A.B. asks: 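First, the structure itself, so that you have it in front of you.
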Amino acid sequence: MAKIIEMNHPLIKHKLTFIRDKNTGAKEFRELVKEVSMLMAYEVTRSLPLKEIEIETPVSKTKSQVIAGKKLGIVPILRAGLGMVDGMLNLLPAAKVGHVGLYRDPETLKPVEYYCKLPTDVKERDLIVLDPMLATGGSASAAIGFLKDRGATNIKLMCLIASPEGIKVVNEDHPDVDIYVASIDEKLNDHAYIVPGLGDAGDRLFGTK
Ligand code: PRP
Ligand code: URA
């Protein structure tokens, strides 16, 4: 069964408070989402394998560790996942970026796909799917399904805020996918918005609405 990892770092908790605040404007919101994503990247990459290489310091030869194993790919779910890309790339500059375009139909609340462009070697990469919000779980579950259809086998999901309902859906649909989340909130409201949440992540990032 997959792991659910909720962040407990004070910096993440602090920044998330201001991300949630409705008085935080788009510029500050974007900066905070980027910063929290960077802090979460540290946790998401905790289990990456290492290997020893030999180097020479100015003083002596030594063996030292570098990241080994498969290459990484990050896959933001459009639009709001885009806000998390730069923070991840700050720590993982060699990662390739794929994009999955999905929006949630306001009537049916089901995800509708409109774009999918992935690195050609997606099968050989460990993938981290990015989306600030895991609400009903429909979008994340569908995005992970697209990646699996295209041969991906090692996938993690990273979100800022998740509902218990969304976690359950992704867990049931994809029991192999670990979920990293800055906060697990209380519930969904009647419009499938996360409570207390942060509102509409895409609108707040891009100033639409
Ligand atoms: C938001 C969010 C997730 C989705 C979560 O995107 O970024 O992708 O809703 O909801 P779910 O778990 O119930 O599927 P939205 O559909 O609003 O599209 P946008 O990012 O383009 O604004
Ligand atoms: N999408 C959002 O952007 N926010 C929510 O609370 C739920 C879905």
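Order of appearance sets the numbers: ligands from 1, and atoms from 1 within every ligand. Here, residue 1 is the first one in the sequence, and each next residue gets the next number. Just so you know, these numbers come straight off a predicted model, no measurement behind them.
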A.B. asks: Using a 3.5 Å distance criterion without hydrogens, assess whether the side chain of Lys13 forms a donor-acceptor pair with backbone atoms of Ala182.
C.D. replies: yes
A.B. asks: Using modelled atom types only, decide if a donor and an acceptor are shared between the side chain of Arg204 and the backbone of Ile19 within a distance under 3.5 Å.
C.D. replies: yes
A.B. asks: Taking all non-hydrogen atoms of both residues into account, name the closest pair between Pro76 and Val85 and its distance.
C.D. replies: CG-CG2, 3.5 Å
A.B. asks: Looking at residues at least two apart in the chain, or sitting in another chain, which of them share a ring pair (Phe, Tyr, Trp, His ring centres under 6.0 Å) with Tyr42?
C.D. replies: none
A.B. asks: Can you pull the residues with any heavy atom under 4.0 Å from ligand 1?
C.D. replies: Leu78, Arg79, Ala80, Tyr103, Arg104, Asp131, Met133, Leu134, Ala135, Thr136, Gly137, Gly138, Ser139, Gly202
A.B. asks: Please determine whether a side-chain nitrogen of the Lys or Arg among Lys148 and Asp176 lies less than 4.0 Å from a carboxylate oxygen of the Asp or Glu.
C.D. replies: yes
A.B. asks: Scan side-chain atoms only and decide if Ser163 and Asp185 contain a donor-acceptor pair under the 3.5 Å cut-off.
C.D. replies: no
A.B. asks: Output every pair passing side-chain hydrogen bond (donor to acceptor under 3.5 Å, both in side chains) with a member in residues 81-91, not counting sequence neighbours, ordered by first then second residue.
C.D. replies: none
A.B. asks: Establish, from distance only, whether the side-chain atoms of Ser183 and Arg20 form a donor-acceptor pair under 3.5 Å.
C.D. replies: yes
A.B. asks: With hydrogens left out, which residues have an atom under 4.0 Å from ligand 2, given that only heavy atoms count?
C.D. replies: Arg104, Met133, Ala135, Ala192, Tyr193, Ile194, Gly199, Asp200, Ala201
A.B. asks: Can a cation-pi geometry be assigned to Arg104 and Tyr193, taking NZ or CZ under 6.0 Å from the six-membered ring centre and within 45° of the ring axis?
C.D. replies: yes
